[in-house]
Amino acid sequence: MPAAKKVTVKLKTVRPSGKRDESFFELVYEVVRQIPKGRVTSYGAVAACLGTKLSARMVGWAMSSSGKMRPKVPAHRVVNRNGVLTGKHHFSPPGSMEKMLKKEGIKVRNDTIVDFEKLFWDPVKEFGI
DNA sequence: CGCCTGACGAAAC
DNA sequence: GGTTTCGCCAGGC
């Protein structure tokens, strides 16, 4: 069974706002937008929320388009499993990512989230998948 | 229409 | 335990 299809179905169930998922990106944005202020999550966690087998790559990759999104997608709250700001270089300027994080009370040291485990917000847990 | 790339992750060595 | 490789899926060229 194609995982991608499953994911679509799942998200639809979670967000039956009558809004159909144009792309898998939309799903990612939705989840990322739910990240509370002062919290962070990982690409893998989001991927897991979408169905688990969806290769976290697509999640982060989808974020590259997030900058074009009208509503601010807190992409800066999404980091890799290491807690490292892998995509900070994609921001403009690159340092803005950690700057925003610090502004929210998140400590960033050496491009890495301090106490990442504590600040980690698991969408799967919140969504109850 | 086919190959390459990509902000990850986990398994293998 | 650190480093390297493969796998995933979708979009861009």
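Naming: A, B, ... by sequence-line order, numbering from 1 per chain.
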If I compare all heavy atoms of A/Ala62 with all of A/Tyr29, which pair ends up nearest, and what's the gap?
O-OH, 2.8 Å
Base, sugar-phosphate, or nothing: which does A/Ala75 touch, judged by heavy atoms less than 4.0 Å apart?
base
In this structure, how many angstroms lie between the [atom2] atom of [N] and the [atom1] atom of [X], rounded?
| X | N | atom1 | atom2 | value |
| --- | --- | --- | --- | --- |
| A/Ile113 | B/dA7 | CD1 | C1' | 14 Å |
| A/Phe116 | B/dC8 | CZ | P | 13 Å |
| A/Trp61 | C/dC9 | CH2 | C1' | 8 Å |
| A/Met58 | B/dG6 | CE | P | 12 Å |
| A/Phe25 | C/dC8 | CZ | C1' | 14 Å |

Counting heavy atoms from C-beta on, name the nucleotide in [options] closest to the side chain of [X].
| X | options | value |
| --- | --- | --- |
| A/His90 | B/dA7, B/dC8, C/dC9 | B/dA7 |
| A/Arg57 | C/dC9, C/dG7, B/dA7 | C/dG7 |
| A/Asn80 | B/dG6, B/dA7, B/dC8 | B/dC8 |
| A/Tyr43 | B/dA7, B/dG9, C/dA10 | B/dA7 |

Treating A/Asp115 as the side-chain partner and A/Lys118 as the backbone partner, does any N or O pair qualify as donor plus acceptor under 3.5 Å?
no
Reckon A/Thr86 has a side-chain N or O less than 4.0 Å from the OP1 or OP2 of B/dC8?
yes
Is the shortest side-chain N to carboxylate O distance from A/Glu104 to A/Arg77 below 4.0 Å?
yes
Pair A/His76-A/Glu98, side-chain donor/acceptor within less than 3.5 Å
no
